Amino acid sequence: MTTDNATGVPAGPGPTDFIRQAVIDDLKSGRFDHVHTRFPPEPNGYLHIGHAKALWIDYGVCLDFDGKFNLRFDDTNPVKEEQEYVDSIIFDCRWLGMDWEDRLFFGSDYFEQMYQWAEQLVLKGAAYVCDLTGDQVSEYRGTLTQPGKNSPWRDRGVEENLDLFRRMRAGEFADGSRTLRAKIDMASPNLNLRDPVMYRILHQAHHRQGDKWCIYPMYDWAHGLEDSIEGITHSLCSLEYENHRPLYDWFLDQLGIYHPRQIEFARLNMTFTVMSKRKLLELVKEKHVRGWDDPRMPTLSGLRRRGYTPEAIRDFCKRIGINKYDSTVDMGLLEHCLREDLNKRALRVMTVLRPLKLVIDNYPDGQVEQMEAVNNPEDASAGTRQVPFSKVLYIEQDDFMENPPRKFFRLSPGREVRLRYGYFVTCTDVVKDAAGNVVEVRCTYDPATRGGDSPDGRKPKATIHWVSAEHARDVEVRLYEPLFSVPSPDDVDEGKDWKDNINPNSLTVLSGCKAEPTLASAKAGDRFQFERLGYFCVDADSTGDKLVFNRAVGLRDTFAKEMKKG
RNA sequence: UGGGGAAUAGUGUAACGGCAGCACAACUGACUCUGGAUCAGUUAGUCUAGGUUCGAAUCCUAGUUCCCCAGCCA
């Protein structure tokens with residue numbers, strides 16, 4: 001971050017996006033003398049990676065300008081909102097590293113103040129009670145190209161409006177029978193300004209306010225007031241609210257109260273997933289996934305369970321930038337961020353996913369040697385560990401081919417490879433079952449290559465991982481592919497819908513995987529690199545005697561790419 | 001056919017009238033006890049047409065395309 005010496009205004013790190021530029025302008029012009037942002041989730045679903053982007057913008061701007069940041073629930077609709085969501089959102093925000101100090105707020109806590117302000121608008125003739133039904137309201141609203149017409153109740157007297165509004169609050173009227181509306185302009189080309197509803201009647205208990213209210217404020221009325229009450233300077237939100245900004249401003253101006261500035265940015269889209277809470281809810285409810293925290297979900301809880309780190313997600317948010325047009329970020333970028341983070345931090349361990357028995361004929365029966373293995377080649381301080389080696393091992397089925405193609409460097413009859421941190425072994429024979437499948441590989445080893453180096457400088461073309469059969473721990477491994485089989489699940493032909501694009505093979509469960517004994521002490525949430533395979537995270541389904549791993553992301557695999565090319 | 005926004009390599013972004021740069025992806029090669037990591041390199045872009053200017057991604061005009069708005073959702 002650089003500082004403009006003339007004004008003392010911090011200019012933000014690196015390139016300045018249009019939001020930070022606007023903040024700088026406001027600080028310079030004196031419109032605001034400090035920065036205070038907020039993240040205003042509605043507790044009607046779990047946070048996803050798109051929220052992480054918004055969170056990072058809100059919180060990041062606060063950080064860059066040495067300001068303050070509030071976490072505020074926009075809980076104005078009791079029909080959809082639940083405490084479960086409040087709890088998960090708070091947890092996710094903390095996990096991502098957000099700090100709101102003691103400023104955790106709920107829009108619903110301001111209901112009384114909002115009500116008083118509404119009476120004020122009624123008193124000055126800027127709001128009225130309307131008896132139109134829902135259908136009538138939309139009929140009177142007009143269309144995109146035709147102006148609306150005034151409600152017959154638009155010119156009620158102030159006294160009558162006040163009386164009716166108070167009786168709405170008192171619970172005298174049925175749901176949907178009346179609304180409080182702002183008196184603006186039924187002919188406005190901006191439909192949001194055609195006498196928008198401020199309050200609707202909803203005899204519904206609120207997750208936080210209980211039965212205290214039976215009228216609930218609409219978003220447009222409530223949001224600016226919440227921002228104003230909290231002294232927010234910059235109210236950052238997504239693009240679809242651009243059309244609402246005139247209304248945001250109108251309410252604040254009518255009331256003559258503190259007036260924050262709303263600035264809009266584009267929400268995040270990502271390939272191979274969907275990002276609407278409605279669709280994510282549908283995936284959960286219809287059991288296409290196991291829950292909001294299914295590792296295939298783009299929710300923060302899903303990503304966490306999958307093995308994502310908050311650092312990787314924050315890095316991703318920094319890299320994608322901020323803009324005002326629709327764009328779709330490549331899922332590969334998120335994966336890259338995780339690999340980059342975990343490469344530096346994850347302990348390496350050897351696990352065989354699809355075991356193939358390898359017997360070393362000339363290795364003494366019953367002998368066990370402890371081989372020293374490096375825990376993290378990227379971090380010397382991670383140290384080393386001992387891995388048991390013996391006559392019977394498991395190797396990866398993919399690491400052996402009886403009739404290898406040209407570019408296959410791994411084990412095949414007559415060929416020598418290095419067993420990582422072990423010995424060089426040469427395949428001498430194979431054992432097949434009745435169906436002709438290779439079920440066992442026979443080898444000889446070179447005792448002079450202990451630890452993986454040959455005194456004569458011989459260098460095998462491949463190094464493969466292994467686990468000692470006698471010492472192996474059986475584990476379950478869950479492999480994930482994208483939840484959708486196409487990059488843009490929402491692009492569908494007539495008659496099809498986004499759910500037709502669900503990838504039927506998004507989950508592969510492998511049981512009987514063989515892990516080195518080091519893993520015995522792993523706890524849920526621990527992340528490892530399984531050498532040559534990828535990064536894996538211990539799932540919460542693990543029990544004392546059975547470990548379950550999720551593959552967070554595979555290692556880059558240039559061999560697989562080569563094979564694909566043929 | 002109203003109003004509000006927006007267009008830069010395959011993708012995501014930077015350049016604020018002065019050499020179109022970065023990242024991801026892809027592709028080469030080097031190195032490697034992970035076909036990982038790392039390192040070096042290559043490919044590839046200003047929506048279109050005019051105009052202003054010594055000079056335009058940037059300013060102006062016209063057009064094209066895309067997104068948002070007709071909830072008593074947020």
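A quick note: this is a predicted structure, and the numbers were derived from the prediction, not measured. Order of the sequence lines fixes the chain letters, A, B, ..., with proteins taken first and strands second; residue numbering starts at 1 for each chain.
- Nucleotides B:U32 and B:A26 have their C1' atoms positioned 23 Å apart, rounded to a whole Å.
- Rounded to the nearest Å, the gap between the C1' atom of B:A15 and that of B:A9 is 15 Å.
- Contacts of A:Phe408 with the nucleic acid, taken as non-hydrogen atoms under 4.0 Å apart, include base atoms.
- OP1 and OP2 of B:U32 both lie 4.0 Å or more from every side-chain N or O belonging to A:Thr463.
- With P as the reference atom, B:A14 and B:A49 are 25 Å apart, rounded to whole Å.
- Residue A:Tyr219 places its side chain closer to B:A74 than to any other of B:G36, B:G35, B:A74.
- Put simply, OH on A:Tyr248 is 24 Å from P on B:C68, counting in whole angstrom units.
- Heavy atoms of A:Thr133 sit under 4.0 angstrom from at least one base atom.
- In this structure, of B:A37, B:C73, B:G2, it is B:A37 that holds the atom nearest to the side chain of A:Arg556.
- Under the 30°/60° scheme for interplanar angles, the aromatic rings of A:Trp213 and A:Phe111 are found to stand perpendicular.
- Among B:G2, B:G12, B:C24, the nucleotide with an atom closest to any side-chain atom of A:Leu144 is B:G2.
- Residue A:Pro246 is out of contact with every strand shown, counting any heavy-atom pair closer than 4.0 Å.
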Working for ring-ring contact (aromatic ring centres under 6.0 Å, His included), residues A:His223 and A:Tyr219: CA-CA 6 Å; A:His223 202 87; A:Tyr219 169 87; 4.8 Å; yes

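- Of the P atoms belonging to B:U1 and B:C67, the separation is 15 Å, rounded to the nearest Å.
- Inter-residue side-chain proximity for A:Glu335 and A:Tyr308 is flagged as met; some heavy-atom pair is nearer than 4.5 Å.
- Comparing B:A74, B:G2, B:A23 by their closest approach to the side chain of A:Pro189 singles out B:G2.
- Summary of the strand contacts: A:Tyr199 and A:Leu419 both lie near RNA chain B, and taking for each the nucleotide with the nearest heavy atom, the more 5' one is attributed to A:Leu419.
- Two residues, A:Asp326 and A:Arg532, neighbour RNA chain B, and the one matched to the more 5' nucleotide by heavy-atom proximity is A:Arg532.
- If you check every strand for non-hydrogen atoms under 4.0 Å, A:Arg194 touches nothing.
- The gap from the C1' atom of B:U28 to that of B:C16 amounts to 37 Å, rounded to the nearest Å.
- The two residues A:Met563 and A:Pro405 have their closest heavy-atom pair at SD-CG, 4.3 Å.
- If you check every strand for non-hydrogen atoms under 4.0 Å, A:Ser138 touches sugar and phosphate atoms only.
- Distance CD (A:Glu562) to C1' (B:A26): 13 Å, rounded to an integer number of Å.
- Residue A:Thr271 places none of its side-chain N or O atoms closer than 4.0 Å to OP1 or OP2 of B:U11.
- In secondary-structure terms, RNA chain B builds stems of at least 3 consecutive Watson-Crick or G-U pairs, each pair having both distances under 3.5 Å, at B:2-7 with B:64-69, B:10-13 with B:21-24, B:26-30 with B:38-42, B:47-51 with B:59-63.
- Residue A:Arg420 is in base contact, counting any heavy-atom pair closer than 4.0 Å across all strands shown.
- Residue A:Arg141 places at least one side-chain N or O closer than 4.0 Å to OP1 or OP2 of B:G71.
- In this model, a side-chain donor or acceptor of A:Glu378 finds a partner on the base of B:G36 within 3.5 Å.
- A:Gln146 comes within 4.0 angstrom of no nucleic acid atom, judged by non-hydrogen atoms across all strands.
- As judged by a 4.0 angstrom heavy-atom cut-off over every strand, A:Ile320 is placed among residues touching the sugar-phosphate backbone only.
- If you check the side chains of A:Thr133 and A:Asp135, you find no donor sitting under 3.5 Å from an acceptor.
- Not one side-chain nitrogen or oxygen of A:His465 sits closer than 4.0 Å to the OP1 or OP2 atom of B:U34.
- For the pair A:Arg458 and A:Phe424, the cation-pi criterion (under 6.0 Å, within 45° of the ring axis) is not fulfilled.
- Within the nucleic acid shown, A:Leu555 comes within 4.0 Å of at least one base atom, counting heavy atoms only.
- In this pair, A:Phe106 and A:Phe73 present their aromatic rings parallel. The plane angle is below 30°, not in the 30 to 60° band.
- Within 90° of 0 lies the glycosidic angle of B:G71, which makes this nucleotide syn.
- Here B:C72 presents its C1' atom at 14 Å from CG of A:Asn192, a figure rounded to the nearest Å.
- The base of B:C68 sits with one of its N or O atoms less than 3.5 Å from a complementary donor or acceptor on the side chain of A:Asn243.
- A straight line from NE2 of A:His206 to C1' of B:C73 spans 14 Å, rounded to a whole angstrom.
- Between A:Tyr325 and B:A7, no base-stacking contact is recorded for ring centres under 5.5 Å apart and planes less than 30° from parallel.
- Contact annotation for A:Tyr241: base contact, defined as any heavy-atom pair under 4.0 Å involving a base atom.
- In this model, a side-chain donor or acceptor of A:Gln529 finds a partner on the base of B:U34 within 3.5 Å.
- For the ring-ring contact (aromatic ring centres under 6.0 Å, His included) with A:Trp466, the lone residue among A:Tyr421, A:Phe400, A:Phe389 that qualifies is A:Phe389.
- At the heavy-atom level, A:Asp453 lies under 4.0 Å from base atoms of the strands shown.
- Checking the phosphate oxygens (OP1, OP2) of B:G35, no side-chain nitrogen or oxygen of A:Lys561 falls inside 4.0 Å.
- Applying side chain to side chain contact (heavy atoms under 4.5 Å, CB included) to A:Met198 and the options A:Tyr128, A:Phe165, A:Phe251 leaves one that passes, A:Phe251.
- Nucleotides B:A7 and B:U48 place their P atoms 14 Å apart, quoted to the nearest Å.
- Note on A:Pro196: nothing from the nucleic acid sits closer than 4.0 angstrom, heavy atoms only.
- Spacing between B:U46 and B:U13 at atom C1', rounded to whole Å, works out to 13 Å.
- Looking at A:Arg319, its side chain has no donor and acceptor atom pair within 3.5 Å of the base of B:U13.
- Tested against A:Cys443, the residues A:Leu419, A:Leu393, A:Val425 include a single side chain to side chain contact (heavy atoms under 4.5 Å, CB included) partner, A:Val425.
- Checked options A:Thr271, A:Leu303, A:Thr273, A:Val329; the residue passing with A:Leu334 is A:Leu303 (criterion: side chain to side chain contact (heavy atoms under 4.5 Å, CB included)).
- Among the heavy atoms of the strands lying under 4.0 Å from A:Glu242 are primed sugar atoms or P, OP1, OP2 only; no base atom is included.
- Among the heavy atoms of the strands lying under 4.0 Å from A:Thr328 are primed sugar atoms or P, OP1, OP2 only; no base atom is included.
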Audit row: A:Arg38, A:Glu226, salt bridge (charged side-chain N to carboxylate O under 4.0 Å, His left out) steps and yes/no: CA-CA 10 Å; A:Arg38 104 267 93 117; A:Glu226 294 165 6; over 6 Å; no

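- Evaluation of atom-type donor-acceptor distances gives no pair under 3.5 Å for the side chain of A:Arg200 against the base of B:G71.
- Between A:Ser188 and B:G3 there is no side-chain polar atom (N or O) within less than 4.0 angstrom of OP1 or OP2.
- Here, B:G3 and B:U58 have their P atoms 25 Å apart, quoted to the whole Å.
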